[in-house]
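This report concerns only the one structure given below.
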Amino acid sequence: MAKSTERVTKSKPGAATTRPRAPKLPPTISRAALMVDGSDTLVRSITHQHFVLSGLLDTIRGGFASLVGLSSFQYVLMQAVGRFSDQAWTVRSISREMHVTDAYASVEIADLVKQGYLAKVVNPDDRRVSFLELTDKGVSSLSAIAPIQQMVNDALYGHLNSHTALTYSNELSVLISRAESAIFVLNDVAADQRQAALKTHLRRRRPTVR
């Protein structure tokens, strides 16, 4: 008779709950400094929290975007162009900042220009490049939803002050850079695994009988 994969644990006297037995899995990190009592649970918790948070933030972002009648990407793009005006935004800089292809950024920007939210201003020093700026319609659209953003963001960031917010922002910048490096590692590993799988497949192929 097969052994049960479940175990009974008592949560309080007189009551019992049944839950699946936790499997023994190898750690997902190797750095001892991040292991707690030989476990990677802390890192797994952080990774899981990032996943949950990204979904919640995407819901908020989508809600703001819907107020303007735009996609989430277009909304973020407009906010970047309007509020980080110290940077000369172009199709290329948008694609690099948002980690999308130039072709995708170009299509989304063209749609915003067509709808009248963005305008392209030709760079006088290089007429092959155009800078992006908000039109009057773009400014009025973002200004109209600002009161709602204030209420939502006050609720979201209400636990921070100027000092802790700066620290958090700096840490996010580092994490973004580390994530970019991690993607390079992932791509290299994936490429190596594809090559290894291909070599294994070729070795297993039987020679054709002539």
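Everything quoted here is computed from the prediction, not taken from an experiment. Every heavy atom of this structure was used, including side-chain atoms; hydrogens, water molecules and symmetry mates were not.
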Please output the side-chain donor-acceptor pairs of residues 96-103 that fall under 3.5 Å, not counting sequence neighbours, one pair per line with the distance.
unit_1	atom_1	unit_2	atom_2	d
R96	NH1	D102	OD1	3.0
H99	NE2	E180	OE2	2.9
T101	OG1	Y104	N	3.1
D102	OD1	S95	OG	2.5
D102	OD2	R92	NE	2.8
D102	OD2	R92	NH2	3.2

Where is the tightest heavy-atom contact between [X] and [Y], given as atom of each residue plus distance?
X	Y	value
A65	S71	CB-O, 3.6 Å
P27	M35	CB-CE, 4.0 Å
P147	S143	CD-O, 3.6 Å

Joint cluster assignment, [X] & [Y], ILVMFWY side-chain distance < 4.5 Å:
X	Y	answer
L134	F131	no
F73	Y75	yes
V52	L57	no
V76	I148	yes

I'd like a table of donor-acceptor pairs (distance under 3.5 Å, sequence neighbours excluded) in which one partner is a side-chain atom from residues 151-165, with atom names and distances.
unit_1	atom_1	unit_2	atom_2	d
N153	ND2	Q149	O	3.3
N161	OD1	H163	N	3.0
N161	OD1	T164	N	2.8
N161	OD1	T164	OG1	3.1
T164	OG1	N161	N	2.8
T164	OG1	N161	O	3.2

Can you measure from [atom1] ([X]) to [atom2] ([Y]) and round to the nearest 0.5 angstrom?
X	Y	atom1	atom2	value
L142	F64	CG	CZ	11.5 Å
S141	L67	OG	CG	11.0 Å
S39	L34	OG	CG	11.5 Å
I145	Q150	CD1	CD	11.0 Å
L70	E108	CG	CD	9.5 Å

Legend entry - Pairs satisfying salt bridge (Lys or Arg N to Asp or Glu O under 4.0 Å), at least one member in residues 51-76, at least two apart: D58-R61
Short question: side chain of [X], backbone of [Y] - any donor-acceptor pair under 3.5 Å?
X	Y	result
T59	G55	yes
S45	T41	no
W89	F84	yes

Inset, instruction - Would you please test L56 and I60 for side chain to side chain contact (heavy atoms under 4.5 Å, CB included) and show each step? - result: CA-CA 6 Å; L56 294 172; I60 295 173; 5.6 Å; no
Inset, instruction - List, by chain and number, the other hydrophobic cluster members for V189, where Ile, Leu, Val, Met, Phe, Trp and Tyr join if side-chain heavy atoms come within less than 4.5 Å, directly or indirectly. - result: V185
Legend entry - Residues that, via side-chain heavy atoms closer than 4.5 angstrom, fall in one hydrophobic cluster with L42: V36, I46
Donor-acceptor pairs under 3.5 Å, side chain of residues 111-124 to any protein atom, not counting sequence neighbours: which ones?
unit_1	atom_1	unit_2	atom_2	d
D111	OD2	Q74	NE2	2.9
D111	OD2	Q115	NE2	2.9
Y117	OH	V68	O	3.3
N123	OD1	D125	N	2.9

Inset, instruction - Using a 4.5 Å cut-off on heavy atoms from C-beta on, say whether the side chain of L53 contacts that of Q49. - result: no
